[in-house]
Amino acid sequence: MVELEQLNQEPDYIVESKRKCFDAGMDPNEIRKPKRTMSEKQLLAKRNTYNEILSVIDFFSEKILDSLSGTPVLIVISDENGFLIHMVGDETIRITINQLGIRVGAQFTQEDMGTNVVSLALQQSHPIQLVGSNHYHTILHGTACYGVAFRYTDINNLLGSICIMTAWELHNPFFLTMLSTVVDSIERELLLRKQNRKLDMLNQIMVNKNRNGIIITNADGIINSVNDFVVGKFGIQKDISIVDRSLDNPSCLISGHMKKVIQNKKSFDNVQMILNTVDNQKVVCLFDAQPIYDETNNFIGSYSQLRDITERYLNEEKHNYLAYHDELTSLPNRRSLKETLNKYISISLISGTNIDLALMFLDLDHFKTINDAFGHSNGDVLLKQVSSRLTECLGDYGKVFRMGGDEFIFLFSDMTGQKEVTQKGKQIIDLFDTPFTINNSKFHVTASIGIAIYPNDGTDAETFMVYADNAMYKSKSKGRNNYTLFDSNMKTHSKEKDKLSLEVLLRRALDKKEFLVYYQPQVDLIKKKIIGVEALLRWNSPEYGIVSPENFIPILEENGMISQVGEWVLSEVCNQSRKWVEKGLPRVRIAVNLSSQQFLKDNLVEIINNTLIEYGMDPSFLELEITETMTMDVERAINVLGQLNALGVRISIDDFGTGYSSLNYLKKFSIHTLKIDKSFVRDIMVDTNDSNIVSTIISMAHNLHLDVVAEGVETRDQLDFLQKKKCDIVQGYYFSKPLSVNDFEKYFYKINEEIAINFTNEMDGLK
């Protein structure tokens with residue numbers, strides 16, 4: 001079910017679209033397919049109708065794809081009713097969406113497909129973007145889509161939409177800017193073609209009021225009509241011969257093409273020209289020219305047109321520049337490095353001679369701490385200062401590239417030996433001896449460098465870069481602020497790389513439903529039966545199998561996904577509780593761990609309340625576990641715990657005794673249970689301190705009218721000790737390990753029977 005409150009965080013048109021989907025009863029997890037598709041005959045007829053429009057769009061689509069070379073994007077064109085009539089671009093994306101029924105001829109409507117870029121682009125009078133969860137259906141959350149409608153601007157007649165589709169990870173607002181610029185050019189081109197069809201070439205064009213350059217000649221090439229644009233920019237006057245213009249004149253390109261029109265009756269369409277004006281300014285134009293015939297088909301002259309596209313050209317140039325340069329530092333980027341490396345390696349392979357290359361992978365030490373302390377904007381200032389300083393030691397044959405974040409790479413092509421390479425590495429490290437200054441504050445930053453040498457350390461660009469990266473991580477492990485030469489022992493992945501790999505897989509895990517909830521029974525020592533369970537998160541990774549929480553929970557906390565996963569666990573638990581009731585199992589209390597990030601969210605109480613309502617769960621059977629460290633902000637903790645208590649849910653403090661709780665404040669918190677950490681339970685039979693701590697916690701909790709749960713109970717002696725101390729509830733492998741949903745349902749009654757037998761035997765033994 002879509003949470004309506006979440007829609008308020010998005011633009012109004014997306015909110016309204018999602019609301020309509022919600023009201024229509026759409027399931028966001030359902031895979032929607034278009035309900036209407038044109039027949040081949042209908043599609044052919046539509047494409048014939050749009051033939052001229054598609055030819056214009058194809059021209060500009062190729063421009064987009066050329067400018068985004070190497071970036072997987074798909075360009076989709078629809079008609080005014082949302083029928084897809086053309087696709088160009090990445091084949092992998094095309095195949096993927098084909099599997100969802102999205103192909104040429106299919107119709108996109110909000111009623112059929114939910115919130116989608118085609119429908120919204122046609123509805124809105126402005127460019128739109130749908131990125132990730134902006135889409136209503138979760139299957140599209142991995143995509144970024146940008147759309148703009150196009151029309152005949154003279155009569156505001158909607159013709160269709162042009163949309164760019166790519167992966168969520170590649171989202172960039174520049175796609176929308178570029179698409180808007182292209183649509184503006186398409187609309188102008190369509191309008192021009194429409195006008196040219198309607199107007200007589202010689203009699204109806206108002207030459208001097210046209211913002212494009214116009215030149216009309218007679219059959220001999222003498223100009224008999226020219227507008228101010230051409231006169232002012234290129235000095236081409238009326239009554240002169242265009243074919244006799246001097247080749248050193250700025251208009252030589254124009255005259256050369258028009259000579260072919262007049263002498264060879266050749267036509268030109270959309271020829272891009274870079275021309276110098278009479279005052280030596282660069283102007284970029286699209287040139288069209290064609291011969292003119294009279295009604296008896298006799299050649300009578302030529303018509304040519306120059307359309308100034310300088311602004312668009314400069315935007316494309318800027319985009320192409322940014323494709324190979326880092327926007328923040330203006331240094332060449334990763335793409336530029338790979339092409340440069342491949343160029344050097346190709347030269348080496350073709351010539352058969354080795355080229356001496358040294359690659360130095362540099363990473364700033366503790367840059368995240370700097371960002372956290374000074375803010376990301378000041379972090380960017382530091383990166384600019386670092387990039388400026390790094391360029392000081394390049395020499396004649398060195399280049400420095402920014403890979404992203406705080407990573408830089410040096411490439412030197414003039415190193416003659418390992419000694420010179422290490423000297424250069426030390427020189428770069430020494431650059432950081434001088435402190436940096438931000439907001440009048442001076443502070444020191446260090447760097448770690450990994451060095452690889454071609455061809456000894458890899459003979460292809462990718463391997464070469466990986467080995468330098470591995471050497472850099474070796475520098476980190478040696479204490480940072482140094483450089484390390486790559487050797488064969490570094491070929492294995494570093495711990496940091498394994499962590500990065502896990503992070504990538506975890507971002508996929510939630511969408512792919514790879515997370516599972518296991519349940520460990522909690523046994524009441526008075527009632528001698530299962531009265532509750534603790535929900536424990538597991539990850540069933542296709543690559544690694546069942547992954548221990550200790551290996552992935554810290555990564556979820558670090559990358560900010562822990563709140564999202566925690567909310568999923570809460571929904572899963574409430575839903576499972578309902579299913580167990582429907583299957584006839586006795587109601588049991590379910591304990592769910594809250595992360596610090598969840599506890600600090602302002603809408604925590606609202607989320608929990610909505611989840612309880614959605615699944616119809618009795619609040620008294622939900623127990624939320626927090627840790628002592630979450631209560632360090634005492635006033636906030638008192639307020640939040642009070643609100644949760646008002647909902648009717650139970651609160652327990654997990655791992656009690658390992659944190660920082662003040663007993664003075666503990667009595668003010670709205671809590672019901674203390675959970676004794678298993679580290680104390682483990683050694684209660686052999687460590688006097690632990691046994692005394694456990695006894696004290698139980699006694700204190702009972703004096704505060706709180707229940708006590710002991711975790712990690714694994715032996716009979718531990719159980720007997722806890723019973724003697726009047727502990728209320730125990731949890732641990734002595735009674736049951738954490739169980740999958742199926743196993744819990746399968747063994748619930750059997751475990752209860754064994755618990756009863758266990759306590760019966762105990763009583764018999766006492767007799």
Side-chain angles (χ1 to χ4, degrees), residues 7 9-18 20 53-54 56-68 71-90 93 97 102 108-110 113-136 140-141 143-191 309 311-316 318-319 322-323 327:
L7 303 182
Q9 303 171 5
E10 299 173 308
D12 289 343
Y13 61 90
I14 296 179
V15 172
E16 183 59 25
S17 174
K18 285 187 173 182
K20 288 180 179 179
I53 296 172
L54 289 176
V56 173
I57 291 174
D58 268 339
F59 173 81
F60 288 99
S61 294
E62 288 301 319
K63 290 283 187 181
I64 295 175
L65 294 174
D66 287 344
S67 67
L68 296 176
T71 302
V73 299
L74 185 69
I75 301 174
V76 178
I77 294 91
S78 80
D79 70 4
E80 74 279 11
N81 295 313
F83 283 98
L84 307 188
I85 56 176
H86 194 47
M87 292 184 186
V88 291
D90 187 77
I93 300 178
I97 65 174
I102 301 173
F108 263 60
T109 64
Q110 182 169 280
M113 303 299 290
T115 302
N116 66 86
V117 69
V118 176
S119 297
L120 284 179
L122 293 172
Q123 294 169 14
Q124 302 299 315
S125 58
H126 56 80
I128 66 112
Q129 67 178 20
L130 293 176
V131 181
S133 61
N134 290 154
H135 295 90
Y136 182 83
L140 298 176
H141 285 187
T143 66
C145 301
Y146 313 82
V148 183
F150 63 98
R151 61 193 74 234
Y152 279 131
T153 54
D154 57 333
I155 57 175
N156 198 31
N157 180 33
L158 181 64
L159 295 173
S161 70
I162 304 176
C163 305
I164 291 178
M165 299 181 181
T166 188
W168 171 84
E169 294 85 354
L170 301 178
H171 163 57
N172 191 326
F174 186 76
F175 285 148
L176 202 59
T177 303
M178 177 176 62
L179 192 57
S180 300
T181 302
V182 166
V183 167
D184 180 62
S185 300
I186 290 172
E187 288 179 340
R188 281 195 280 173
E189 180 67 14
L190 290 175
L191 180 60
I309 61 165
E311 183 178 354
R312 190 181 81 206
Y313 176 84
L314 293 176
N315 284 335
E316 290 178 356
K318 181 181 179 181
H319 173 69
L322 291 177
E327 188 172 8

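Computed from a predicted model, the values in this text were never measured in an experiment.
You'll find the side chain of L122 stays beyond 4.5 Å of the side chain of F108, heavy atoms only. The shortest distance between side-chain heavy atoms of R312 and S185 falls below 4.5 Å. Side-chain contact check for H126 versus Y13: some heavy-atom pair is nearer than 4.5 Å. In this structure, F175 and T71 have side chains that are in contact, with non-hydrogen atoms separated by less than 4.5 Å. Counting heavy atoms from C-beta outward, V56 and F60 have side chains that approach closer than 4.5 Å. The closest side-chain heavy-atom distance from V76 to M87 is below 4.5 Å. In this structure, the side chains of S17 and L120 come closer than 4.5 Å at one or more pairs of heavy atoms.
Within a 6.0 Å sphere centred on CD of E327, other residues, nucleotides and ligands contribute 12 heavy atoms or fewer.
Closest approach of D58 to H86, counting heavy atoms only: OD1-NE2, 2.8 Å. Looking at every heavy atom in both residues, M178 comes nearest to S67 through SD-OG, 3.7 Å. For the residue pair T143 and L140, the shortest heavy atom distance occurs at OG1-O, 2.7 Å. Between A121 and A149, the shortest heavy-atom distance links the atoms O-CB, 3.3 Å. For the residue pair S180 and V148, the shortest heavy atom distance occurs at OG-CG2, 4.0 Å. Here the closest non-hydrogen pair linking C145 and V117 is CB-CB, 3.6 Å.
The CD atom of Q129 sits 7.5 Å away from atom CD1 of I14, with the distance rounded to the nearest 0.5 Å. For the atom pair CD1 of I309 and OG1 of T181, the computed distance is 12.5 Å after rounding to the nearest 0.5 Å. For the atom pair T153 OG1 and L190 CG, the distance stands at 8.5 Å (nearest 0.5 Å). If you take CG on L68 and CG on D90, they are separated by 11.5 Å, rounding to the nearest 0.5 Å. To the nearest 0.5 Å, atoms CD1 (I53) and CZ (F150) are separated by 5.5 Å. F83 contributes atom CZ, which lies 9.0 Å from atom OG1 of T109 (distance to the nearest 0.5 angstrom).
For N134 and E10, the side-chain atoms include at least one donor-acceptor pair closer than 3.5 Å.
Between the N116 side chain and the V118 main chain, a donor and an acceptor come within less than 3.5 Å of each other.
By the ring-ring contact (aromatic ring centres under 6.0 Å, His included) test, F174 pairs with H319, sequence neighbours left out.
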Per-pair distances, 0.1 Å, donor-acceptor, side chain in residues 155-171, under 3.5 Å, sequence neighbours excluded:
{"unit_1": "N156", "atom_1": "OD1", "unit_2": "R151", "atom_2": "NH1", "d": "3.4"}
{"unit_1": "S161", "atom_1": "OG", "unit_2": "S78", "atom_2": "OG", "d": "2.7"}
{"unit_1": "T166", "atom_1": "OG1", "unit_2": "P72", "atom_2": "O", "d": "2.7"}
{"unit_1": "H171", "atom_1": "ND1", "unit_2": "Y146", "atom_2": "OH", "d": "2.7"}

